Amino acid sequence: MKTVTGNLMDPKGSIKKLNNTPPQKVNILMVDDHPENLLALEAVLTSPNYNLISANSGKEALKCMLQYDFAVILLDVQMPGMNGFDTAKLIKAREKTKHIPIIFITAISQDMDHVHQGYSVGAIDYIFKPFQPETLKKKIEQIVGIHQHHQENIIQTDLNRLVELNEVNKKLDRTTLNLRRTEALSKAISDTITDSIVTFDNQGSILSVNPAVTSMFGYHAQELMEKHVLKLFPQCETEVSVNPSTFLSTIKQSLGRIIEVVACKKDKNLFYADLLIASTIIEDEPIFVCTIRDVTERKEIEEVKKQRFHNLEHVVEARTLELTKSNQKLQKEIEERKRMADHLFRSQERFRKIFDSSPLLKAILSQKDLTFIDINASWTKFTGYSGDELLHQKINRKNFIDEASGKSIDLTKKIRNKKIRYETKNGEVRSGLLSTEMLDIDSEPCTLVVLNDITERVHLENEMYRLDRLNLIGEMAAGIAHEIRNPMTTVQGFLQLSRNRADNLSTEFIDLMLEELNRANSIITEFLNLAKNKISVKKKQNLNAIIEALSPLIQAEAFRSNKQLKLELGECPDISLDEKEIRQLILNIALNGLDAMTSNGNLTIKTFQDNETVVLQIKDQGQGINPEVLSKLGTPFFTTKETGTGLGLAICYSVAKRHEANIDIETGENGTTFSVQFQLIPSLSSV
């Protein structure tokens with residue numbers, strides 16, 4: 001092996017390196033067992049832009065393929081040992097090198113059969129010696145130009161993706177920081193509040209407690225984890241069985257109301273407490289939050305008042321003394337009430353800060369006329385309306401639209417995370433998740449509206465979907481170019497050949513060119529069947545009737561390869577179908593199943609009704625589908641057949657999508673089953 005120059009292409013580096021890397025030399029492989037022929041080729045192709053590498057045999061050429069990436073290969077046909085045709089077959093069989101253009105150069109094998117053999121093994125040209133140096137040089141320049149343009153496109157694509165990924169990572173970092181801040185604020189509030197806070201699931205199992213539980217009950221947090229919440233309320237435990245349904249119904253009756261209970265400390269001492277229970281939904285599971293306040297002192301005062309009232313009539317003679325004591329106790333009570341009022345004011349101030357600083361849009365509406373009672377800063381920030389413009393004004397329900405139905409939201413009902421669109425003051429339409437909660441404030445029925453703005457997330461999801469579509473378009477474009485270029489190359493070659501011949505083309509050559517053009521037209525026609533805007537002409541008809549009409553054609557194809565077709569058609573109601581498209585879907589899957597089986601195999605077509613769906617099953621007795629191949633099924637231009645276009649299953653998926661049907665695949669050593677599930681009741685989007 002001889003290398004004319006030793007400079008190789010540098011590997012890919014960072015974005016800056018990709019932008020600043022100068023053009024690299026292109027590797028060209030020359031294979032000939034005669035050194036004088038290699039010198040002649042080197043003299044013709046010598047250029048500062050080329051890295052010419054020589055090989056004296058087919059084996060040496062294959063070794064070069066392991067060391068370098070080549071833009072084109074000039075290959076001699078007649079060589080001792082492994083000839084040029086065998087070498088080309090091995091190059092095309094390797095995934096990494098199968099797309100490298102090969103040009104055969106020969107002085108001996110000028111017979112037309114050898115030329116056909118050269119093209120059949122993957123060559124793009126077949127040149128006879130002596131050749132025109134300038135013609136060969138121009139051909140190489142064009143091939144090298146295509147190669148360099150392809151490499152530039154790959155580098156630019158990688159650069160664009162890296163920039164987009166960096167932007168996405170920045171947005172994710174900002175979202176993570178906001179979540180951490182919210183968690184820290186919630187923890188600070190939980191740690192500083194004097195009331196005990198206990199969360200538990202719908203079975204009553206305790207999930208978390210705040211530090212105030214230790215001072216109030218004497219338990220450490222670890223002692224209460226996964227214990228039943230009624231462990232803290234022994235009287236409730238005797239009145240309510242631990243049956244989950246009974247416990248859950250009792251909890252629901254107490255939601256939003258302050259109830260008085262007797263609580264039990266770790267040392268078995270009892271005390272009176274006020275209990276307030278609220279609920280929320282986390283990951284589709286109900287979670288309950290219980291706030292416990294020790295009211296022992298208040299109860300003691302109430303007991304003293306009761307005792308004083310009952311004893312007042314019997315201790316008239318001690319009125320003066322009792323009056324003095326009562327005045328003292330009254331003073332203490334006033335101080336206690338003042339302390340409780342101050343504590344209540346501080347609690348209200350804390351909750352007010354939580355309401356105002358929440359990143360979620362929050363508003364309190366009167367249930368009577370749906371007027372605004374209060375809004376937080378996030379509401380004004382996102383909607384653009386000031387507090388003066390909204391307070392005591394009726395909410396405009398037309399600005400809040402259910403994304404699924406397109407109708408206005410009914411704010412008088414309880415809502416949980418409904419996806420909506422809402423309009424701001426400046427006319428911008430944003431997306432959000434809406435939840436409502438019914439509550440009483442100062443004995444007035446109110447509705448708490450909580451709106452989580454997800455506009456940025458929706459935009460990000462749409463952008464990611466757009467990038468996926470662009471990637472698919474790129475793959476499809478490459479597939480179309482590859483599939484159509486082959487028949488076009490054949491036609492071009494025959495036309496160039498006919499230009500140098502005095503006589504007219506033979507009928508055989510004309511038929512071959514027409515066959516290649518028809519193949520290209522067939523590929524384009526099948527590709528157009530994948531279009532999303534293709535109109536399906538549907539009408540109510542029976543799936544079994546379509547299969548019975550198509551079965552003779554499938555049966556005939558099965559007999560040709562000594563295979564059998566079995567029909568197991570169950571009773572199915574009429575559904576809305578495009579008969580031509582369904583016939584194409586059934587025929588594509590059935591023929592694939594026949595190709596997958598050996599002789600004496602059975603292909604079974606079965607139909608039946610499953611709840612609200614009509615199911616079509618096509619089962620073969622082949623060897624199953626390889627997992628790597630299974631993940632690529634339905635991708636345009638992906639095929640395992642030598643003569644296939646890779647559009648058959650892609651068209652099946654496109655037909656299923658237009659009929660709002662799902663395709664499921666089950667495969668194993670005993671065969672493969674394709675299940676197509678048609679809906680009896682069409683979705684709203686199809687109306």
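For clarity, every value in this text was computed on a predicted model and none was experimentally measured.
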- Considering only heavy atoms from C-beta outward, does the side chain of Leu411 approach that of Ile395 to under 4.5 Å? yes
- Under the 3.5 angstrom rule, does the side chain of Asn210 hit a backbone N or O of Ile197 as a donor-acceptor pair? yes
- Message: Between Glu302 and Arg298, does the salt bridge (Lys or Arg N to Asp or Glu O under 4.0 Å) criterion hold? Intermediate values first, please.
- Response: CA-CA 6 Å; Glu302 291 176 356; Arg298 189 189 72 191; 3.8 Å; yes
- Item | Any Leu275 side-chain heavy atom under 4.5 Å of Cys290 side chain | yes
- In plain terms, say whether Asp342 and Arg346 are close enough for a salt bridge, that is, a side-chain N and a carboxylate O under 4.0 Å apart. no
- Query: For Lys353, does its backbone N or O pair with a side-chain atom of Ser357 as donor and acceptor, under 3.5 Å?
  - Reply: yes
- Message: Determine whether a donor-acceptor pair (N or O, by modelled atom type, separation under 3.5 Å) exists between the side chain of Thr667 and the backbone of Ile625.
- Response: yes
- Message: Atom NZ of residue position Lys606 - does it have more than 12 heavy atoms of other residues, nucleotides or ligands inside 6.0 Å?
- Response: no
- Has the side chain of His659 got a donor or acceptor atom that lies under 3.5 Å from a matching backbone atom of Gln679? no
- Message: So for atom NZ, which belongs to Lys266, do other residues, nucleotides or ligands contribute more than 12 heavy atoms lying within a distance under 6.0 Å?
- Response: yes
- Does any N or O in the side chain of Thr447 come within less than 3.5 Å of the main-chain N or O of Thr412, such that one atom is a donor and the other an acceptor? no
- Message: Please determine whether a side-chain nitrogen of the Lys or Arg among Asp274 and Arg293 lies less than 4.0 Å from a carboxylate oxygen of the Asp or Glu.
- Response: no
- Message: How about CD on Glu666, more than 12 heavy atoms from neighbouring residues, nucleotides or ligands closer than 6.0 Å, or not?
- Response: no
- NZ/NE/NH1/NH2 to OD/OE distance under 4.0 Å, Arg339 and Glu335: no
- Hey, is Lys329 close enough to Glu333 for a salt bridge, meaning N to O under 4.0 Å? no
- Item | Side-chain donor/acceptor of Thr176 to backbone N/O of Leu172, under 3.5 Å | yes
- Hey, what's the ring geometry for Tyr422 with Phe400, parallel, tilted or perpendicular (30° and 60° as the breaks)? parallel
- Are the side chains of Leu365 and Phe372 in touch, meaning some heavy atoms are under 4.5 Å apart? yes
- Item | Ile401 and Lys407, any side-chain heavy atoms less than 4.5 Å apart | no
- Would you call the rings of Phe233 and Phe217 parallel, tilted or perpendicular, where under 30° means parallel and over 60° means perpendicular? perpendicular
- More than 12 heavy atoms from other groups under 6.0 Å of NZ on Lys362: yes
- Value for CD (Glu223) from OG1 (Thr214), rounded to nearest 0.5 Å, stands at 8.5 Å
- Item | Asn670 CG to Gln623 CD distance, which is reported to the nearest 0.5 Å | 11.0 Å
- Item | Side-chain donor-acceptor contact under 3.5 Å, Glu164 with Asn160 | no
- Is the CZ atom of Phe355 crowded by more than 12 outside heavy atoms at less than 6.0 Å? yes
- Message: Pair Lys332, Ile301 - check side chain to side chain contact (heavy atoms under 4.5 Å, CB included), show working.
- Response: CA-CA 10 Å; Lys332 292 180 180 180; Ile301 294 174; over 6 Å; no
- Query: Would you say the side chain of Leu433 lies within less than 4.5 Å of the side chain of Lys418, judging by non-hydrogen atoms?
  - Reply: no
- Query: What distance do Ser205 atom OG and Leu224 atom CG have between them, rounded to the nearest 0.5 Å?
  - Reply: 11.0 Å
- Item | Polar side-chain atom of Ser358 near backbone of Leu360 as donor-acceptor pair, under 3.5 Å | yes
- Is a side-chain donor or acceptor of Thr455 paired with a backbone partner of Arg430 at a separation under 3.5 angstrom? no
- Query: With distance as the sole criterion, is a donor-acceptor pair present between the side chains of Ser654 and Arg658 under 3.5 Å?
  - Reply: yes
- Query: Should Arg416 and Glu437 count as side-chain neighbours, where that means a heavy-atom distance under 4.5 Å?
  - Reply: yes
- Message: Quick check: do Ile420 and Leu451 have side-chain heavy atoms less than 4.5 Å from each other?
- Response: yes
- Query: Given side chains that start at C-beta, do those of Leu232 and Tyr219 come closer than 4.5 Å, heavy atoms only?
  - Reply: yes
- Flag if over 12 foreign heavy atoms under 6.0 Å of CG, Asn417: yes
- Verify whether one side chain among Thr371 and Ser366 offers a donor that lies under 3.5 Å from an acceptor in the other. no
- Does atom CG of Asp267 have more than 12 heavy-atom neighbours from other groups under 6.0 Å away? yes
- His220, NE2: over 12 other non-hydrogen atoms inside 6.0 angstrom: no
- Task: Mind checking the CD-CZ spacing from Glu349 to Phe345? Nearest 0.5 Å is all I need.
- Result: 5.0 Å
